[in-house]
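Beneath this line is the structure, given in structure tokens, with notes to follow.
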Amino acid sequence: MIKNISLLVNLLFCCFAYSQLVINEVDSNTPSTDVLEFVELKSATPNFSLDGYTLVFFNGGSAGTGTLSYFAFDLDGYITDINGIIHFGNSQVSPAPMGIIPNETIQNGPDVVAIYQANASDFPLDTPAHTTGFVSGLAYSNSNAISPSQLMSILGITVFTNENLTSNGDTRSIQRNSDSTYSVALPTPGYNNDGSGVVLNGITITPSVSFLTEGQQISITFTTNTPVTTSDLNINLSLTNGSFNSGDYSGSLVTTIPVGQTSVNKVFTIVDDSLNEGDEQLLVRVTTVASGYILINNSVFVRVHDNDFTIQPWGTPLAPTYSFVAATTPAGYYSSLEGLSGAALKQAVQNIIADPSVVRAHSYGDVNEILLQADQNPANSGQVWLMYVERSMSKIDNQTNSSNIGVWNREHIWPQSRGGFQDGTSPFPDGITVWLPTNADDILSGHSDAHHLRAEDGAENSLRSNRDYGSDYNGPSGNSGSWKGDVARSLFYMAVRYNGLNLVNGNPADNIMGQMGDLASLLLWNTLDPRDDFEMNRNNYIYTWQYNRNPFIDYPNLADYIWGAQTGLPWFAPLAVTTFADLNVVVYPNPVKSSFTIAGLTHQSTVEVYNSLGAKVYENAFMGDTVITANWSSGLYFARINSDGKSVVKKLMVD
């Protein structure tokens with residue numbers, strides 16, 4: 001009898017627990033970028049522990065016939081508030097979610113979000129939906145009338161709700177009504193959908209600065225909407241985030257707003273250590289909230305600049321140097337090219353850079369690590385240099401979701417869609433010691449070939465899209481063109497490294513796979529923007545990963561023997577080298593006001609001046625020192641000076 005009574009009590013408790021918790025509100029789709037998505041739960045009693053529960057998200061597929069999970073969020077340690085409410089979502093949701101779900105994780109539907117009595121580990125990716133431990137769920141869709149029919153059948157859900165019932169549906173959420181039905185209305189995260197319940201006192205976090213440098217102080221203000229009543233409000237917080245830990249700051253993590261007051265300031269000092277850790281972000285986060293209060297915001301990031309960065313002796317592409325970085329080319333690497341011409345020369349180059357017994361292919365995930373070093377800003381080791389926009393950005397600002405604003409990402413100089421290598425390699429990094437053999441026909445490896453991948457401003461990368469270079473794309477307005485030679489030499493490399501890729505004049509149609517233009521512009525860019533120390537350094541570094549080099553960086557004039565004016569002539573390494581040191585020419589003043597002087601030459605010489613678009617604006621022959629009147633509009637120009645069989649390009653800024 002006692003055993004039966006015990007069993008009955010357990011069953012009653014189980015049934016009570018199962019009816020205790022429901023999906024109260026879901027916002028799966030928000031305007032522009034998905035950074036305001038959330039799921040809100042409601043318990044029948046306030047301050048209800050969610051230990052033992054898990055949120056599971058199921059993908060119904062475009063036809064509503066999918067049945068597999070795509071994300072699970074463990075609810076252990078969370079407690080509903082005095083109104084029985086708790087919500088989980090993106091960090092920008094306000095009031096702040098108790099638990100953070102990464103941006104763009106929650107899908108638009110047709111899908112189901114469900115509560116289970118289970119652990120998140122019970123639902124690895126692509127777990128089939130089932131009813132064991134199922135508590136409640138919401139079936140929903142977005143912008144269409146397709147329901148997640150298979151999921152609804154499995155879980156016993158009879159009704160689904162479309163979030164976009166109105167023309168401005170992106171601004172609405174799906175909300176549970178008092179009669180257990182659901183409707184669409186303006187979002188109310190953190191509150192009862194009908195506006196009832198205890199009015200909670202909101203807490204706002206305000207840091208004194210959005211960024212600071214090691215050794216400086218930050219003041220964090222905690223403010224309540226109304227004065228604290230009954231007892232002092234104790235606030236426990238955390239600043240740790242990734243590599244930023246307790247050794248990086250000093251100050252207590254507990255503060256108090258006294259009764260009758262509405263705010264308190266808390267000061268922390270950022271430790272000025274001697275470690276080169278790169279820039280970091282501290283994360284201001286309140287870890288516990290007293291009953292009767294709600295966080296208006298939480299998880300506030302503050303950038304911490306590391307002042308222990310290193311500086312290299314060579315310059316950026318915008319302020320180039322040419323004598324600090326020597327090529328690490330192995331002895332005899334290019335010896336097989338000597339005396340060859342035409343198709344035989346091009347084939348011999350491919351035999352070197354696509355040698356299946358030597359060259360290594362790495363994953364697309366590895367490219368991020370490669371670029372962190374290859375495209376590192378010489379003036380600050382905590383930054384990468386962004387090619388088209390000609391400026392630096394902190395390494396930690398790497399794009400991690402679909403929003404490309406204010407972040408950098410990986411730019412394919414030869415667009416994926418025009419090379420036939422979309423998503424051809426794994427997105428997961430596996431390190432320099434893990435690689436696959438490759439060859440000239442292995443076009444999919446072009447997806448992760450670092451010789452044509454560069455760090456770039458995300459928005460500018462999207463703007464460039466898959467356009468040809470030259471008349472179709474010349475970079476953002478006002479750029480100096482410091483990247484143009486780099487682009488040309490990357491495309492020369494790709495057109496030789498992989499069979500099926502070809503450079504042509506003009507702007508070929510996007511649907512002609514494997515073609516890129518404009519060859520004439522690229523050949524000119526190769527001359528006007530000569531390879532510099534920055535480019536040679538990245539060539540050296542990529543070689544340590546891929547075991548091949550870009551020969552057009554080591555020998556820029558090689559392009560002329562394959563596509564340009566020297567086509568058909570035999571190539572010899574000494575003839576392909578542009579020696580800057582041997583041509584002792586001086587151009588001054590720079591910036592140029594009204595004229596400039598070319599000095600240091602004793603032989604018959606010529607000078608050609610081009611604007612940043614590649615148009616020739618001046619040409620003349622001279623002997624000895626000469627003064628040239630610069631009656632051109634202000635901007636960047638390139639002076640190509642030829643003398644005694646040698647050539648050098650000087651950048652001029654005309655005021």
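Side chains are part of it too, since the values below use all heavy atoms of this structure and drop only hydrogens, waters and symmetry mates.
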For the residue pair [X] and [Y], confirm or rule out a side-chain donor-acceptor distance under 3.5 Å.
| X | Y | result |
| --- | --- | --- |
| K484 | N474 | yes |
| Q350 | N499 | yes |
| D355 | S357 | yes |
| N466 | Y473 | no |
| D518 | N507 | no |
| N409 | N404 | no |

To the nearest 0.5 Å, what is the distance between [atom1] on [X] and [atom2] on [Y]?
| X | Y | atom1 | atom2 | value |
| --- | --- | --- | --- | --- |
| F244 | I396 | CZ | CD1 | 11.0 Å |
| L453 | Y364 | CG | OH | 6.0 Å |
| R497 | T438 | CZ | OG1 | 4.0 Å |
| D449 | I542 | CG | CD1 | 8.0 Å |
| D532 | D486 | CG | CG | 6.0 Å |
| S445 | Q546 | OG | CD | 9.0 Å |

Charged N to carboxylate O under 4.0 angstrom, [X] versus [Y]?
| X | Y | answer |
| --- | --- | --- |
| D366 | R360 | no |
| D510 | R467 | no |
| D554 | R531 | no |
| D279 | K395 | no |
| E619 | K616 | yes |

Stepwise side chain to side chain contact (heavy atoms under 4.5 Å, CB included) check, D442 with N439: CA-CA 5 Å; D442 180 21; N439 56 59; 3.8 Å; yes

message: Under the criterion side chain to side chain contact (heavy atoms under 4.5 Å, CB included), I'd like the reasoning laid out for I628 against N620: C-alpha separation, chi angles, the key distance, then a yes or no.
response: CA-CA 9 Å; I628 296 173; N620 199 11; over 6 Å; no

At their closest point, which heavy atom of [X] faces which heavy atom of [Y], and how far apart are they?
| X | Y | answer |
| --- | --- | --- |
| H603 | S605 | O-OG, 2.9 Å |
| T425 | H447 | OG1-ND1, 2.7 Å |
| V654 | Y637 | CG2-CD1, 3.6 Å |
| V504 | P508 | CG2-CG, 3.6 Å |
| I370 | A450 | CG2-CB, 3.9 Å |
| D529 | G485 | OD2-N, 2.8 Å |

For a 4.5 angstrom cut-off between non-hydrogen side-chain atoms, does [X] reach [Y]?
| X | Y | answer |
| --- | --- | --- |
| V627 | S595 | yes |
| V300 | P207 | yes |
| D272 | N307 | yes |
| I270 | Q217 | no |
| M516 | P415 | yes |

- prompt: Would you call the rings of Y388 and W483 parallel, tilted or perpendicular if under 30° counts as parallel and over 60° as perpendicular?
  reply: perpendicular

- request: Can you label the angle between the W563 ring and the F552 ring as parallel, tilted or perpendicular, going by 30° and 60°?
  value: tilted

With distance as the sole test, does [X] use its side chain to make a donor-acceptor pair with the main-chain N or O of [Y] at under 3.5 Å?
| X | Y | answer |
| --- | --- | --- |
| S363 | F428 | yes |
| N479 | P476 | yes |
| E608 | Y618 | no |
| S381 | T310 | yes |
| N377 | W385 | no |
| D306 | E277 | yes |
| T321 | G315 | yes |
| N537 | D533 | no |
| E390 | S482 | yes |
| D655 | S594 | no |

What do you reckon, are the aromatic ring centroids of [X] and [Y] less than 6.0 Å apart?
| X | Y | result |
| --- | --- | --- |
| H452 | F421 | yes |
| Y334 | Y555 | yes |
| H362 | W545 | yes |

query: When you look at E535 and N539, which way does the side-chain hydrogen bond (donor to acceptor under 3.5 Å, both in side chains) test go after all the steps?
result: CA-CA 6 Å; E535 197 176 359; N539 197 21; over 6 Å; no

task: Show your working on side chain to side chain contact (heavy atoms under 4.5 Å, CB included) between F492 and N550 and close with a plain yes or no.
output: CA-CA 9 Å; F492 296 156; N550 183 340; 5.8 Å; no

Steps toward salt bridge (Lys or Arg N to Asp or Glu O under 4.0 Å) verdict (R464, D457): CA-CA 11 Å; R464 184 255 160 164; D457 174 77; over 6 Å; no

field: More than 12 heavy atoms from other groups under 6.0 Å of OH on Y547
entry: no

- request: Might you confirm whether atom CZ of F211 has over 12 heavy atoms from other residues, nucleotides or ligands at distances under 6.0 Å?
  value: no

query: Taking the six-membered ring of Y543, is the NZ or CZ of R549 close enough (under 6.0 Å from the centre) and on axis enough (within 45°)?
result: yes

- request: Answer yes or no for R640 and Y610: cation-pi contact, defined as NZ/CZ to six-membered ring centre under 6.0 Å and angle to ring axis within 45°.
  value: no

message: Working note: V607 + I598, criterion side chain to side chain contact (heavy atoms under 4.5 Å, CB included); need CA distance, chi angles, decisive distance, verdict.
response: CA-CA 9 Å; V607 58; I598 301 176; 3.9 Å; yes

- prompt: Going through the distances and angles, do S643 and Q604 end up as a side-chain hydrogen bond (donor to acceptor under 3.5 Å, both in side chains)?
  reply: CA-CA 6 Å; S643 182; Q604 181 72 31; over 6 Å; no

task: Determine, stepwise, if the pair W314 / F534 fulfils ring pair (Phe, Tyr, Trp, His ring centres under 6.0 Å).
output: CA-CA 7 Å; W314 59 86; F534 183 92; 8.4 Å; no

message: Run R418 and D468 through salt bridge (Lys or Arg N to Asp or Glu O under 4.0 Å) and show every step you take.
response: CA-CA 10 Å; R418 300 180 67 172; D468 292 303; 3.0 Å; yes

